[in-house]
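Have a look at the structure below before the remarks.
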Amino acid sequence: MTSSSPLPIEIAPQDLAQRLAARDKLLLVDVREAWEHQICRIDGARLIPMGSIPMHLQSLGNGMHVVCYCHHGKRSLDVVRWLRQQGVETAQSLAGGIERWSTEIDPKVPRY
């Protein structure tokens, strides 16, 4: 067992913004539906609707840091809990979803 503590299940918008600005290697996954993704998104996010996550497990479980987000953070939290049960220990949910991202980090991201 390693001495490092597990990642918290959620990541704050400010922490994600810092990681993205530093160009840290991470996979940003939008678990919303396609129509929601068309309204707004975080640049660089890969759209994998919540219901499709199991079909993409292999690509999400490759050891890369995975950050999931949805509208308010509930769906992404459910996805991250499921991913962690499947052994994807590096999965995190964006706290407050894209709504909080828009209000705290990037007001150019439309709210709906």
Side-chain angles (χ1 to χ4, degrees):
M1 188 160 187
T2 63
S3 61
S4 64
S5 58
L7 284 173
I9 199 158
E10 288 187 303
I11 185 170
Q14 295 81 4
D15 294 335
L16 177 59
Q18 288 174 345
R19 302 236 13 216
L20 292 173
R23 297 185 184 266
D24 287 356
K25 291 213 182 256
L26 59 86
L27 177 58
L28 189 56
V29 179
D30 183 347
V31 302
R32 299 173 303 150
E33 297 300 316
W35 68 268
E36 293 174 287
H37 186 78
Q38 288 176 343
I39 294 170
C40 62
R41 72 194 64 81
I42 299 173
D43 286 341
R46 179 176 166 196
L47 175 64
I48 307 176
M50 183 178 185
S52 302
I53 291 291
M55 292 180 284
H56 294 272
L57 179 59
Q58 191 168 6
S59 65
L60 299 172
N62 62 7
M64 183 177 271
H65 184 183
V66 177
V67 176
C68 298
Y69 73 89
C70 62
H71 190 186
H72 291 109
K74 167 88 174 77
R75 285 176 281 177
S76 58
L77 196 54
D78 289 345
V79 166
V80 166
R81 285 186 179 123
W82 184 84
L83 286 172
R84 287 189 174 200
Q85 289 172 349
Q86 309 310 309
V88 184
E89 297 172 5
T90 59
Q92 288 186 293
S93 174
L94 176 60
I98 198 164
E99 177 75 13
R100 189 168 159 198
W101 179 267
S102 177
T103 59
E104 296 181 17
I105 304 300
D106 188 357
K108 293 186 301 292
V109 171
R111 296 171 64 201
Y112 65 103

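Because only heavy atoms are used, hydrogens play no part in the values below, and waters and symmetry mates are left out as well, while side chains stay in. Numbering starts at 1 and runs along the sequence shown.
Annotation for Ser93 and Gly73: closest pair OG-O, 3.8 Å, computed over non-hydrogen atoms. Here the closest non-hydrogen pair linking Gly61 and Val88 is CA-CG2, 3.8 Å. Heavy-atom minimum distance, Val109 versus Ser102: O-OG, 2.6 Å.
Listed by chain and number, the residues in a salt bridge (Lys or Arg N to Asp or Glu O under 4.0 Å) with Arg111 are Glu99 (sequence neighbours excluded). For His71, the ring pair (Phe, Tyr, Trp, His ring centres under 6.0 Å) partners are Tyr112, not counting sequence neighbours. Residues passing the side-chain contact (heavy atoms from CB on, under 4.5 Å) test with Asp24 are Arg19, Ala22, sequence neighbours excluded. Residues satisfying the salt bridge (Lys or Arg N to Asp or Glu O under 4.0 Å) test with Lys108, not counting sequence neighbours, are Asp106.
The stretch residues 10-41 participates, sequence neighbours left out, in no ring pair (Phe, Tyr, Trp, His ring centres under 6.0 Å) pair at all. Evaluation of the ring pair (Phe, Tyr, Trp, His ring centres under 6.0 Å) test over residues 39-58, restricted to residues two or more places apart or in two chains, returns none. Residue pairs that meet the salt bridge (Lys or Arg N to Asp or Glu O under 4.0 Å) test with at least one member in residues 83-92, sequence neighbours left out, do not exist here. Applying the ring pair (Phe, Tyr, Trp, His ring centres under 6.0 Å) test to residues at least two apart or on different chains, none of the pairs has a partner in residues 81-108. Within the structure, salt bridge (Lys or Arg N to Asp or Glu O under 4.0 Å) pairs that include any residue of residues 36-64 comprise Glu36-Arg75 (at least two apart or interchain).
With contacts defined as side-chain heavy-atom distances shorter than 4.5 Å, the pair Ile42/Ile105 does not qualify. Between Val80 and Asp78, every side-chain heavy-atom pair lies at or beyond the 4.5 Å cut-off. When side chains are defined from C-beta on, Leu20 counts as touching Leu26, because their heavy atoms get closer than 4.5 Å. Inter-residue side-chain proximity for Asp30 and Tyr69 is flagged as met; some heavy-atom pair is nearer than 4.5 Å.
Met64 CE to Lys25 NZ: the interatomic distance, rounded to the nearest 0.5 Å, is 6.0 Å. Atom CG of Leu94 and atom CG of Leu77 lie 11.0 Å apart (nearest 0.5 Å).
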Donor-acceptor contacts, no H, no angles, side chain residues 6-18, under 3.5 Å, sequence neighbours left out:
unit_1: Gln14; atom_1: NE2; unit_2: Glu104; atom_2: OE1; d: 2.6

